[in-house]
Every structure is written in structure tokens, then in C-alpha cells.
Amino acid sequence: SQQGEEDPQALSIQEGENATMNCSYKTSINNLQWYRQNSGRGLVHLILIRSNEREKHSGRLRVTLDTSKKSSSLLITASRAADTASYFCATEEPGTYKYIFGTGTRLKVLA
Amino acid sequence: NAGVTQTPKFQVLKTGQSMTLQCAQDMNHNSMYWYRQDPGMGLRLIYYSASEGTTDKGEVPNGYNVSRLNKREFSLRLESAAPSQTSVYFCASSERPSGEKLFFGSGTQLSVL
């Protein structure tokens, strides 16, 4: 079974609004990463947050990590039509060198 | 700088045929990965190679074999293709096996009839 579950599965917002998507996972982790996938293409890395970090920012992206709840959230502020994509979280389990992906959130930003 | 290159981009096989998906990276990365992506399932790890000379099973290794040919190349072989292996296959690499971001290829769309 997959480690991460993203919520919601799909999200549709207007340009300029903020988009929040959540990831829950099952086991302890070394770090958690977020990736974006445009339709039919490979994934692109967005941000990595380590297990001892609680929040991280990169441009319009803000990621939080709550290891006690085994959850993370990705906030995209002031969304643009170009942010339309699927977003995936990926976790690295300690001692395994495995990066396990969640099922993804499909974001649609309407112009 | 090409990054991660996968060949072929598209392939159609008949049940029982074999084929090898090729992956090469030019970033001098130590670790390489093979994932498959099915609708609604996200990406699932098939095999990975933490460093040259090592390979390990991921979440869904059955029906596949891999070869880490050298530091640059990591191939995925389907010995006897089945319709359940119809999927999009992604190769990825990272500088080190732990704590690093993954760089992905553009994928191979495989259909098994």
C-alpha cells in the first residue's frame, strides 16, 4: 500500500486564490518532499522538508510538517493558471533509501 | 544538459513479449529509481539502486528485473509482459540515496495487449 495519501484528490480554484493540499503518511520518515507533474510529463521537485523542520518556504510555496500527526501541507499562494498540475508528496523512510509517493492532488486554477 | 533520458517514449507489446526500458542520467548521480504510474494510484516504486553495483526491490517488483549497468545507466526489463503492466514508467535519479531530491525522466508509455 502507498505511504502517502493526499487530500483533496482534486481542487479547483480561481486565479489569485490560495491552494492548500494535505498529505498524510503512515510511518516515521527522514524527510518529505513535494513534486509537481504537468499533464503527461515527468515530475519536478518543489521542496524538501526534513523531519526536524516544521515549516519551509520557497517563493509562493509554504510547506508544513507535523510528525506527531504524520501529516504535511503544501500551500500555494496567489495561484496562477500555470500552477494547474498534479501535486504529489513523497516520503523517505529511515534506513530504506526508498522514496514512496502518495496518490496526488489534481489542482486546476481557473483564469 | 539532458538530465535523465528514457527510451523509448512509447511502446506497444503483445502479452508474453519481453522488452527493456532504458534510462541514463548525465548528472553523475549515485542513486537511480524506477517507478510506474497508473491512473489514481500515484507513483509506485518498482526497483531502486542506491549506488552503482546495488539494486533493491521497491513496492511492486514482481514481473520486473533491473540492471545497474554502470553509474549512468539503469535498465528495467519485462521478461514476459502482461496487460497488468500497462502503465507509464518513470526513471529518476538522485545525487545520494538519502535526503536528496529526485530528478525524473519524461516517461515511457507502455501498452500490453
Side-chain angles (χ1 to χ4, degrees), chain A residues 1-10 21-53 56 58 61 63 65 85-106, chain B residues 2-7 9-10 21 23 25 27 29-61 68 74 87-109:
Chain A
S1 63
Q2 298 203 233
Q3 163 78 304
E5 296 285 336
E6 279 92 337
D7 168 58
Q9 288 187 328
M21 49 206 92
N22 304 294
C23 169
S24 59
Y25 56 92
K26 298 173 184 173
T27 68
S28 60
I29 60 172
N30 277 344
N31 59 75
L32 185 145
Q33 304 183 41
W34 285 92
Y35 288 82
R36 184 185 72 217
Q37 182 181 36
N38 290 92
S39 181
R41 299 188 173 222
L43 281 73
V44 175
H45 179 265
L46 295 175
I47 197 164
L48 181 153
I49 186 165
R50 303 192 189 280
S51 60
N52 60 353
E53 297 175 311
K56 206 160 183 181
S58 176
L61 305 180
V63 169
L65 179 64
S86 291
Y87 292 82
F88 295 88
C89 67
T91 53
E92 180 194 344
E93 298 173 35
T96 68
Y97 302 144
K98 294 180 185 179
Y99 293 89
I100 305 297
F101 282 77
T103 51
T105 292
R106 293 187 312 279
Chain B
V4 179
T5 302
Q6 291 183 236
T7 55
K9 292 193 185 307
F10 302 94
L21 280 63
C23 175
Q25 51 90 10
M27 296 173 282
H29 283 173
N30 288 294
S31 306
M32 299 184 74
Y33 310 82
W34 276 106
Y35 288 90
R36 61 177 287 175
Q37 185 176 29
D38 303 301
M41 294 294 292
L43 278 80
R44 290 183 291 171
L45 181 63
I46 304 171
Y47 271 94
Y48 65 103
S49 172
S51 60
E52 186 180 358
T54 69
T55 60
D56 286 285
K57 295 178 181 179
E59 302 170 274
V60 289
R68 183 75 184 265
F74 188 38
S87 189
V88 181
Y89 291 84
F90 288 100
C91 178
S93 70
S94 64
E95 187 172 351
R96 282 181 291 271
S98 180
E100 298 287 340
K101 63 184 179 181
L102 303 181
F103 291 81
F104 280 83
S106 56
T108 295
Q109 192 163 329

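Numbers restart at 1 for each chain; the letters A, B, ... are given by sequence-line order, proteins then strands.
Proximity to chain B (any heavy atom under 4.5 Å) is restricted, for A:L48, to the side chain, taken from C-beta onward. Using a 4.5 Å cut-off between heavy atoms, B:Q109 does not touch chain A at all. With a 4.5 angstrom heavy-atom cutoff, A:R50 touches chain B only via side-chain atoms. No part of B:F103 comes within reach of chain A, as not one of its non-hydrogen atoms sits under 4.5 angstrom from that chain. Using a 4.5 Å cut-off between heavy atoms, B:K57 contacts chain A through its backbone alone, with no side-chain atom that close. Heavy atoms closer than 4.5 Å to chain B are found nowhere in A:Q9, neither backbone nor side chain.
Looking at B:E59, its side chain does come within 3.5 Å of a backbone N or O of B:L45 through a donor-acceptor pair. Remark: the backbone N or O of B:E100 is paired with a side-chain donor or acceptor of A:Y99 at under 3.5 angstrom. The backbone N or O of B:L102 lies less than 3.5 Å from a partner atom in the side chain of A:Y35, making a donor-acceptor pair.
For chain B, the option among A:R41, A:K98, A:E6 with the highest count of heavy-atom pairs below 4.5 Å is A:K98.
Taking A:N22 as the reference, nothing meets the side chain to side chain donor-acceptor pair (under 3.5 Å) condition, with sequence neighbours excluded. Taking B:D38 as the reference, B:R36, B:R44 meet the salt bridge (charged side-chain N to carboxylate O under 4.0 Å, His left out) condition, with sequence neighbours excluded.
The distance from the SG atom of A:C89 to the CG atom of A:L46 is 12.0 Å, given to the nearest 0.5 Å.
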